[in-house]
Amino acid sequence: MYRPTYVKIENDILTNNIKEIINKYDDYKYYIGVVKANAYGHGDYIVNDLIKGGVNYLAVSSLEEALSIRKYNQEIPILCLEPINLEHLSVILENNITITIESLEYTKELLKLNPSQKLKIHLKLDTGMSRLGFTDQQNLDKTISLIKENKHLYLEGIYTHLATSGINDIYYDKQINKFKELTSNIDLSTIDIVHLNRSITLTHHQKLPFETGTRLGIIMYGFSQSINSPTGLKKIKRDFLHKIHHISPTIMENDLNLKTAFSLHTEVISIRNIKKGDFAGYGANYLAKEDMMVATLPIGYADGISASMKYVSINDKKYEIVGDICMDMTLVKVDKNVKLHDKVEIFGNDISIKSVARNMQSNAYHVLTGITTRVPRIYQDGKEIKY
Ligand SMILES: Cc1ncc(COP(=O)(O)O)c(C=O)c1O
């Protein structure tokens, strides 16, 4: 690493997070770690830390992502959540990738190719997200009978994706009912893995009797999904909403002790004194209202930091970002305590990922997956990987 800008990942934290989650939600047989988008920006290197914690299946969104994970683990089953173009069937089979089937047409196309070895299949049902999956029960039933007729195809799982948390909305219940309707001709107890949850629905709802697996996403990376129960007027409003719409009960707070493992760092590469009336950065957008010191940091929007970031932390003190963030550099108003080569935390511990997400009017998913691959990931075991 030559440029002093990097993401630091604390692998043990991830392992401990998984143990903590599984310890609390211990009634599932399959814990499917969602590691798409470069393991939510952490880098695929961490998959073995998740497995050490108890994850026994992984999920990705493309064949490319699945193959990237195979570099680190050859055994763990990997489900691809999006349909893969069947031109690549031989690659799927060679790498033992579980495919998602989401339509009867796709099934027929697969059968025409007559796979020569065992292929694991999960069926995806569209219960309201309107993104992927079966919406029609007849097509679903027909697909299942076609799969069962073929000796190489193995129907291992059935799943759906839930659009909302169901905390203050009616859509969670609607989606669960739709799932039950669509699968009413199927004996779910004969299917190895029935998985509906993502992080927020896992923590906010009782396990459904037919669920045998759960997908873990953002929760693994340290976001507990605990939400304070409303009080006062908000509680009255919520209780009323639940009553009139018959919304099923939700669990609000949880006592999961999770930590984030991801922090973004750089260092000061230049410091200058500027005078009252001087400008800083592109477009002369920042005007110094007094004599001041400006530090230059080698990190910019090409590294994935957002224009709405406001502060960085240097020597445990917050300093304000001034001027527009450039492609590769950022300017910060500092004081005389800041020296050349001082270490800078962009976010992670002193500046939380949640606070960055709030300023961006977005969420932790965007913050984590937004840090680009030009920023090397450094693992606490000393390994440095550039993706
Ligand atoms: C199909 C599917 N399942 C699970 C997840 C994980 O979601 P979360 O990170 O909210 O747990 C995702 C994430 O986008 C997804 O697309």
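As the structure lists them, so they are numbered: ligands from 1, and atoms in each ligand from 1. Just so we're clear, the structure is a prediction, and the values are computed from it rather than from any experiment. Here, residue 1 is the first one in the sequence, and each next residue gets the next number.
- Between atom CZ of residue Phe210 and atom CZ of residue Phe179 there is a gap of 5.5 Å, rounded to the nearest 0.5 Å.
- Atom 14 (O) of ligand 1 has Lys36 NZ, 3.0 Å as its closest protein atom, hydrogens excluded (heavy atom only).
- In Arg131, the part holding a heavy atom less than 4.0 Å from any atom of ligand 1 is the side chain.
- Looking at Glu65, its side chain does come within 3.5 Å of a backbone N or O of Ser61 through a donor-acceptor pair.
- Residue, atom and distance of the protein heavy atom nearest to atom 11 (O) of ligand 1 are Ser199 OG, 2.5 Å.
- Among the atoms of Leu81, none of the N or O lies under 3.5 angstrom from an N or O of ligand 1.
- With Leu264 as the partner, the side chain to side chain contact (heavy atoms under 4.5 Å, CB included) test is satisfied by one option alone out of Asp303, Val356, Val7: Val7.
- Remark: the backbone N or O of Gly41 is paired with a side-chain donor or acceptor of Arg377 at under 3.5 angstrom.
- At the shortest separation from atom 9 (O) of ligand 1 among protein heavy atoms lies Tyr40 OH, 2.6 Å.
- From the protein, the heavy atom lying nearest to atom 1 (C) of ligand 1 is His161 ND1, 3.5 Å.
- Checked against Tyr172 for a ring-ring contact (aromatic ring centres under 6.0 Å, His included), the options His245, His242, His205 give a single hit: His205.
- Ligand 1 has no N or O atom lying under 3.5 Å from any N or O atom of Tyr159, backbone or side chain.
- In Arg215, the part holding a heavy atom less than 4.0 Å from any atom of ligand 1 is the side chain.
- The protein non-hydrogen atom at the shortest distance from atom 10 (O) of ligand 1 is Tyr365 OH, 2.5 Å.
- Atoms of ligand 1 lying under 4.0 Å from at least one heavy atom of Ile218, given by number and element, are 8 (P), 9 (O), 11 (O).
- Rounded to the nearest 0.5 angstrom, Ile305 CD1 and Thr330 OG1 are separated by 3.5 Å.
- Heavy-atom minimum distance, Val338 versus Val268: CG1-CG2, 3.9 Å.
- Classification of Arg374 and Asp328 as a salt-bridged pair holds, one side-chain N sitting under 4.0 Å from a carboxylate O.
- Residue contacts with ligand 1 do not include Ile200, since none of its heavy atoms lies under 4.0 Å from the ligand.
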